[in-house]
Number of protein chains: 2
Amino acid sequence: MARAATTSDVFNAIAEPQRRKILVLLRAGERPVTELAVELGMTQPGASKHLRVLREVGLVRDRKAGKHRLYGLDARGLRPVHEWTGGFERFWNESFDRLDAYVRDLKQARQEE
Amino acid sequence: MARAATTSDVFNAIAEPQRRKILVLLRAGERPVTELAVELGMTQPGASKHLRVLREVGLVRDRKAGKHRLYGLDARGLRPVHEWTGGFERFWNESFDRLDAYVRDLKQARQEE
DNA sequence: CCCACGCTTTCCCATATGGGTATATGATAG
DNA sequence: CTATCATATACCCATATGGGAAAGCGTGGG
């Protein structure tokens with residue numbers, strides 16, 4: 001088996017930095033591909049491909065607007081990711097404490113040598 | 001260029017389903033690789049490789065325990081992901097409304113035909 | 001002191017990329 | 001109806017996988 005397809009799920013889709021940038025850019029409003037490509041500093045076909053992935057996992061919608069095709073955000077798909085990571089909320093504090101204690105122990109141990 | 005390395009950042013690391021499973025499993029406490037491999041239904045080397053990735057992005061720590069090496073959760077790295085997706089919170093409601101309105105418009109338009 | 005056990009690394013594959021370039025589509029404005 | 005502009009696809013690469021099998025290794029324990 002190889003790596004999973006980026007279109008397989010939202011987690012995979014947002015693993016790509018450029019795609020995350022696109023989502024952030026779209027928070028400011030709808031945009032045509034060309035504009036996004038410029039802001040990303042990549043070619044138009046490149047941007048198109050990322051948008052395709054985002055569209056396939058449903059994070060982005062497109063609509064015709066005159067001569068342009070405007071891409072817009074549909075952030076609902078990010079909610080599961082937010083919730084999944086949220087399931088670790090109590091752990092990231094807890095582990096912080098543990099690590100903290102761990103470091104303290106180390107220092108203490110060193111002093112007692 | 002190819003796809004970015006899974007070890008490049010947390011987003012990439014958690015893009016893999018098995019790795020997400022590992023993190024969930026570790027919420028129940030530390031575990032040796034062998035045990036995780038069984039719970040994941042994969043070979044032990046396979047599990048080891050996933051753990052390596054998680055370790056490299058800092059989502060997991062390991063410590064020696066007798067003859068075993070116990071892997072434990074360090075969820076702090078998930079916080080940025082939680083926060084990043086959180087930045088879209090107001091959008092996933094908003095876009096819901098928009099879509100809703102969009103669908104309503106469509107229906108209306110169809111009736112008026 | 002040495003061995004067996006638990007893990008990690010190394011190989012070997014098939015596959016899915018992320019990108020750029022060149023080309024095919026498509027739909028809009030005249 | 002058609003020339004054009006905006007996008008999407010088709011190719012072509014180099015690369016980084018996720019997996020299993022097999023071999024390497026470190027060290028805990030007897």
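Owing to the predicted nature of the structure, the values given are computational and were not obtained by experimental measurement. First the proteins, then the strands, lettered A, B, ... as listed; each starts at 1.
To the nearest 0.5 Å, atoms CD (E30(B)) and CZ (R61(B)) are separated by 7.5 Å.
The residue S48(B) sits close to a base: some heavy atom pair falls under 4.0 Å. When heavy atoms are screened at a 4.0 angstrom cut-off, T6(A) is found touching the sugar-phosphate backbone but no base atom. Among the heavy atoms of the strands lying under 4.0 Å from G66(B) are primed sugar atoms or P, OP1, OP2 only; no base atom is included.
Look at NE2 on H68(B): it is 6 Å from P on dC7(C), rounded to the nearest Å. Regarding E16(A), its CD atom lies at a distance of 13 Å from the C1' atom of dA16(C), rounded to whole Å.
Closest to the P45(A) side chain, of the nucleotides dA21(D), dT17(D), dT9(D), is dT9(D). Among dC7(C), dT17(C), dG20(C), the nucleotide with an atom closest to any side-chain atom of A5(A) is dT17(C).
Ion pair R20(A)/E16(A) not flagged as a salt bridge, since none of the NZ, NE, NH1 or NH2 atoms sits closer than 4.0 Å to an Asp/Glu carboxylate oxygen.
Between P32(A) and V53(B), the one whose closest nucleotide on DNA chain D sits nearer the 5' end is P32(A).
Remark: R19(B) is in phosphate contact with dG18(D), judged by side-chain N or O atoms under 4.0 Å from OP1 or OP2. In this structure, R52(A) does not reach the dT7(D) phosphate: none of its side-chain N or O atoms is under 4.0 Å from OP1 or OP2.
In this model, no donor atom of one side chain and acceptor atom of the other lie less than 3.5 Å apart for R63(B) and Y71(B).
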